[in-house]
Chemist: 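First, the structure itself, so that you have it in front of you.
Residue numbers begin at 1 in each chain, while the letters A, B, ... track the order of the sequences.
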There are 2 protein chains.
Amino acid sequence: MPTPTRTAARSESIDSIQRELTAVARRARSVTAQIHPGLTLVTYTLLDHLHERGGCRGTDLAAHFLLDKSTVSRQIAALDKLGLVERTADPEDLRGQIIRPSAAGEQLLADVRERRHQAFLSRLADWPDDDLERFASYLALYNAHT
Amino acid sequence: MPTPTRTAARSESIDSIQRELTAVARRARSVTAQIHPGLTLVTYTLLDHLHERGGCRGTDLAAHFLLDKSTVSRQIAALDKLGLVERTADPEDLRGQIIRPSAAGEQLLADVRERRHQAFLSRLADWPDDDLERFASYLALYNAHT
DNA sequence: CTGCTTTGGTTGTACTATGCAACCAACAAA
DNA sequence: TTTGTTGGTTGCATAGTACAACCAAAGCAG
């Protein structure tokens with residue numbers, strides 16, 4: 001049975017989590033506004049997802065990122081203009097197009113990923129292994145909930 | 001001495017953290033785009049900071065959030081138009097103005113805070129107390145680094 | 001005190017990201 | 001075949017942002 005003090009402690013933890021996550025979101029936007037020349041956080045995220053999925057349609061991206069299809073359409077057009085993606089007609093449905101990172105896109109993804117990895121590496125350098133693991137699993141758990 | 005497998009495990013944890021934090025940032029943007037009628041995430045964050053600090057100048061907000069002073073000026077103007085803040089001349093420096101949440105602003109802040117708290121409460125309902133605490137402390141530690 | 005530099009704030013302009021609505025083309029079902 | 005649905009593009013409108021120009025008040029050097 002929860003005691004009043006235990007409830008209060010939970011409340012405080014939750015407020016803290018809320019505050020810190022907001023800070024994370026805010027910082028992510030201001031720091032990574034330009035993640036690479038000509039590549040914003042949004043386009044990078046889309047490109048990365050295309051890589052993870054091994055190519056998918058614009059509608060899938062829109063659904064996954066809760067964006068309007070017009071927004072995705074424009075972002076993909078931008079990536080296309082930069083030569084970072086390739087579009088092929090979906091053989092199963094001639095309306096759709098399968099979008100995949102081009103060779104240049106994959107190269108750029110690898111570069112950015114490496115650069116970000118190094119940044120995280122130095123930032124988390126003095127964290128013990130098991131704390132890292134636990135932090136990762138907490139975040140995954142938090143995100144998994146819807 | 002770090003073994004190769006240990007290093008690989010760290011790498012994996014770090015990649016996971018990076019991925020999940022990016023997801024957090026992305027979701028925060030799409031979910032809290034409209035945090036309250038007429039209040040966006042940015043204006044809410046500014047208002048909240050004004051509350052925390054007990055009022056401050058626009059320049060202070062700009063410095064804290066890494067925003068241009070013109071951006072802050074417009075956001076404050078918007079909050080002012082909504083009657084959520086009050087501006088008083090800085091007695092120490094007639095150029096500046098001290099900005100504070102108005103009574104309506106404080107009320108709105110309290111409402112939003114309560115609503116978000118409830119949302120987090122239900123989202124984290126099945127987390128044991130000590131996991132909550134640990135998660136909060138990890139986040140704080142992560143954010144504290146710069 | 002006078003003049004130059006700095007600082008807090010506003011406004012004009014431009015750009016990007018975004019959503020909504022209208023549209024087209026291809027698919028699917030009645 | 002006709003009707004409704006779906007993937008995608010394009011034309012608006014809007015919000016957030018930065019940069020630059022500007023003003024007024026401080027601050028400082030002489």
Chemist: What's B:Leu67 touching, base or sugar-phosphate or nothing? Going by heavy atoms closer than 4.0 Å.
Modeler: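 Answer is sugar-phosphate: B:Leu67 comes under 4.0 Å of backbone atoms only.
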
Chemist: Under 4.0 Å from any atom of DNA chain D, heavy atoms only: list the residues of residues 52-63 of chain A that qualify, in numerical order.
Modeler: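 Hits under 4.0 Å, by residue number: A:Arg57, A:Gly58, A:Thr59.
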
Chemist: What closest approach, in Å, do B:Ile99 and B:Arg57 show between heavy atoms, and which atom pair accounts for it?
Modeler: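 Residues B:Ile99 and B:Arg57, closest heavy atoms: CD1-C, 4.2 Å.
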
Chemist: Is the CD atom of B:Glu12 crowded by more than 12 outside heavy atoms at less than 6.0 Å?
Modeler: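 Not more than 12 within 6.0 Å, no.
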
Chemist: Over how many whole Å does the gap from A:Glu92 atom CD to C:dA28 atom P extend?
Modeler: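 Atom CD in A:Glu92 sits about 10 Å away from atom P in C:dA28.
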
Chemist: Output yes when at least one side-chain N/O atom of A:Gln75 is less than 4.0 Å from OP1 or OP2 of C:dT16, else no.
Modeler: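 No, no such contact exists.
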
Chemist: Check A:Asp131 with B:Arg134, please: is the shortest side-chain N to carboxylate O separation under 4.0 Å?
Modeler: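 Salt bridge between B:Arg134 and A:Asp131, a charged N being under 4.0 Å from a carboxylate O: no.
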
Chemist: For this output row, return yes or no: ring centroids of A:Tyr138 and B:Trp127 closer than 6.0 angstrom.
Modeler: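 Ring-ring flag for A:Tyr138/B:Trp127: true, centres closer than 6.0 Å.
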
Chemist: Just to verify, what does B:Ser16 make a side-chain hydrogen bond (donor to acceptor under 3.5 Å, both in side chains) with, not counting sequence neighbours?
Modeler: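 Listed in chain order: nothing, the list is empty.
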
Chemist: Nearest heavy atom decides the nucleotide; on that basis, is B:Ile98 or A:Thr71 closer to the 5' end of DNA chain C?
Modeler: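 Of the two residues, B:Ile98 wins.
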
Chemist: Sub-3.5 Å donor-acceptor pair from the side chain of A:Asp90 to the main-chain atoms of A:Gln97, do we have one?
Modeler: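 The answer is no, because no donor-acceptor pair under 3.5 Å joins these two groups.
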
Chemist: Rounded to the nearest Å, what distance is computed from the OH atom of residue B:Tyr44 to the P atom of nucleotide D:dG16?
Modeler: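 Rounding to the nearest Å, OH of B:Tyr44 and P of D:dG16 are 16 Å apart.
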
Chemist: Between A:Ile98 and A:Cys56, is a side chain to side chain contact (heavy atoms under 4.5 Å, CB included) present by the stated rule, with each step listed?
Modeler: CA-CA 5 Å; A:Ile98 307 294; A:Cys56 67; over 6 Å; no

Chemist: Quick one: which residue pairs count as a side-chain hydrogen bond (donor to acceptor under 3.5 Å, both in side chains) with a foot in residues 98-112 of chain B, not counting sequence neighbours?
Modeler: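 Every side-chain hydrogen bond (donor to acceptor under 3.5 Å, both in side chains) pair that includes a residue of residues 98-112 of chain B, provided the two are not neighbours, is B:His51-B:Glu106, B:Gln107-B:Asp111.
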
Chemist: Generate the contact string for nucleotides 20-25 of chain D. Rules: B means base contact, S means sugar-phosphate contact only, - means no protein heavy atom under 4.0 Å.
Modeler: B----B

Chemist: Which heavy atom of A:Pro101 sits nearest a heavy atom of A:Leu50, and at what distance?
Modeler: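 Between these two residues, the closest heavy atoms are CD-CB, 3.8 Å.
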
Chemist: Nearest 0.5 Å, what's the CD1-CZ distance between B:Ile14 and A:Arg116?
Modeler: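 The distance works out to 13.0 Å.
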
Chemist: Looking at DNA chain D, which of residues 79-90 of chain B put a heavy atom within less than 4.0 Å of it?
Modeler: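 By residue number: none to list.
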
Chemist: Counting only side-chain N and O atoms of B:Ser73, is one of them less than 4.0 Å from OP1 or OP2 of C:dT11?
Modeler: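 So the side chain of B:Ser73 is outside the cut-off, no N or O lying under 4.0 Å from OP1 or OP2 of C:dT11.
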
Chemist: Side chains of residues 67-78 of chain B: which donor-acceptor pairs under 3.5 Å do they make with residues two or more places apart or in other chains?
Modeler:
residue : atom : partner : partner atom : Å
B:Asp68 : OD2  : B:Ser70 : N            : 3.0
B:Asp68 : OD2  : B:Ser70 : OG           : 2.6

